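Just below is one structure, and these are the notes that go with it.
Protein chains get the first letters and strands the later ones, always in sequence-line order, with residue 1 at the start of each. Since the model is a prediction, treat every value here as computed from it, not as a measurement.
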There are 2 protein chains.
Amino acid sequence: MSVTQSFSGKRTAEIVGITYRQLDYWARTDLIKPSLTPATGSGSRRLYSYQDLLELKVVKSLLDAGLKLEAVRNAFGYLRTQLGEDVASANLVINGSRSVLARSGAELVDILQNGQGVLNVLPLAGVKQQVDAAIVQLYPTPQEAPEQEIVIEPSDVAPLRSVL
Amino acid sequence: MSVTQSFSGKRTAEIVGITYRQLDYWARTDLIKPSLTPATGSGSRRLYSYQDLLELKVVKSLLDAGLKLEAVRNAFGYLRTQLGEDVASANLVINGSRSVLARSGAELVDILQNGQGVLNVLPLAGVKQQVDAAIVQLYPTPQEAPEQEIVIEPSDVAPLRSVL
DNA sequence: AACGTTCATGACATGTTTGTAATTACCTAG
DNA sequence: CTAGGTAATTACAAACATGTCATGAACGTT
């Protein structure tokens, strides 16, 4: 019944491409906590969901782009309030402290022209793609395959389930 | 003959909207040094050009957007290698460590779709606009007016001279 | 030429994010 | 049930960007 794949802290870090220390720090400071199993004291183990991986990868991407962790925090706080939408191949657009999802290029250009200052744009499609690729490469079909959803749709617009 | 307006360190900081400490730090660490008169020891005075103001404002904008100073440094290093173009109402696009200038919305969308990860977009038109506004507001026509180029073209696409 | 103001500089303090290393708890195998 | 390995915790260190403060040099004015 548990369709959800679970990932340990270490694996999560490897898949997402961050250090364990970062994963740990982010969990402690409430940026992204493991949604399956939180840490319960020394020696306990965190368990991350596939969803978590995607979010973490978004964070990682933003960091790579030179964003300050604080800015990422703001973006996520704001973004979490509008989850649940259909985010197919949407683009995450961060305008200072606000975040929006732009679905088409047109919408994006529109946002750009009306917005003041800098806009940070992240195509979400690529995020899923990268996470999936990392999973199969690092952990090729664990021990369960016929039921899981670890399959990757190469380049086409794979719809991210419940957002993000 | 000197058509170029000059700005002291303090004024520069005020106009651009940064602290003097930042201006100082950036100058010392070679991010943006005063192109008119560099510091020559204690008691000397830095003199910034209008060009400098624009660049500084770009930095400020990027910082406000949550970019790390290091990322800004990269962007500028790369950007400086392609100055001298016609940058009318272009958009500065930072793709990780690379920077490009997108002239139209179409070009922008194109860059977006081909680029991996996050893109940081900054419409340059707004930058000039803001700097000019700050100048007139803080220092309404110093004591020389008939010759200087402190005039502002309100909202239209004012072409930034030699880029940026 | 003296003086007060301005400004570059240097020393120091701070917060944030991460690395490293040591410690401790959990889990599975024997 | 015990041993070992793995992973989470904790404590410490370090880098970066900036604020604060004190110092002294240069500028402009009288």
Between atom [atom1] in [X] and atom [atom2] in [N], what is the gap in whole Å?
X: A:L23; N: D:dA7; atom1: CG; atom2: P; result: 12 Å
X: A:Q22; N: C:dT20; atom1: CD; atom2: P; result: 12 Å
X: A:F7; N: D:dA7; atom1: CZ; atom2: P; result: 15 Å
X: A:R11; N: D:dT6; atom1: CZ; atom2: C1'; result: 13 Å
X: A:E14; N: D:dA7; atom1: CD; atom2: C1'; result: 12 Å

Return the polar atom pairs (N/O with N/O) between nucleotides 8-10 of chain D and the protein under 3.5 Å, or none.
unit_1: D:dA8; atom_1: OP1; unit_2: A:R46; atom_2: N; d: 3.4
unit_1: D:dA8; atom_1: OP2; unit_2: A:Y20; atom_2: OH; d: 2.9
unit_1: D:dA8; atom_1: O5'; unit_2: A:Y20; atom_2: OH; d: 3.0
unit_1: D:dA8; atom_1: O4'; unit_2: A:S44; atom_2: O; d: 3.0
unit_1: D:dT9; atom_1: OP2; unit_2: A:R46; atom_2: NH1; d: 3.0
unit_1: D:dT9; atom_1: OP2; unit_2: A:R46; atom_2: NH2; d: 2.5
unit_1: D:dT9; atom_1: O4'; unit_2: A:S42; atom_2: OG; d: 3.4

So, with a heavy-atom separation below 4.0 Å from DNA chain C, the residues of residues 60-69 of chain A are A:L63, A:L69
Residues pairing under salt bridge (charged side-chain N to carboxylate O under 4.0 Å, His left out) where one sits in residues 30-44 of chain A, two or more places apart or in two chains, turn out to be A:D30-A:K33
Here the salt bridge (charged side-chain N to carboxylate O under 4.0 Å, His left out) pairs for residues 64-75 of chain A, sequence neighbours left out, are A:K60-A:D64
Of all residues at least two apart in sequence or in a different chain, which pass the side-chain contact (heavy atoms from CB on, under 4.5 Å) check with [X]?
X: B:S42; result: none
X: A:D52; result: A:S35, A:Y48, A:S49
X: B:L47; result: B:S6, B:L36, B:T37
X: B:R21; result: B:T19, B:D24, B:Y25

Within the structure, does a side-chain N or O atom of A:Y25 lie under 4.0 Å from either OP1 or OP2 of C:dT18?
no
Distance check: side-chain N/O of B:W26 vs OP1/OP2 of D:dT18, anything under 4.0 Å?
yes
Correct closest heavy-atom pair for A:Y20 and A:R46 would be OH-NH2, 3.7 Å
Next item on the list: For A:T29, answer base if it contacts any base atom (sugar-phosphate contacts may also be present), sugar-phosphate if it contacts only those atoms, and nothing otherwise; contact means non-hydrogen atoms under 4.0 Å.
Entry: nothing
Show the numbers, then the answer: is there a side chain to side chain contact (heavy atoms under 4.5 Å, CB included) between B:N120 and B:V93? CA-CA 6 Å; B:N120 312 113; B:V93 181; over 6 Å; no
By side chain to side chain donor-acceptor pair (under 3.5 Å), A:E14 pairs with (sequence neighbours left out) A:Y139
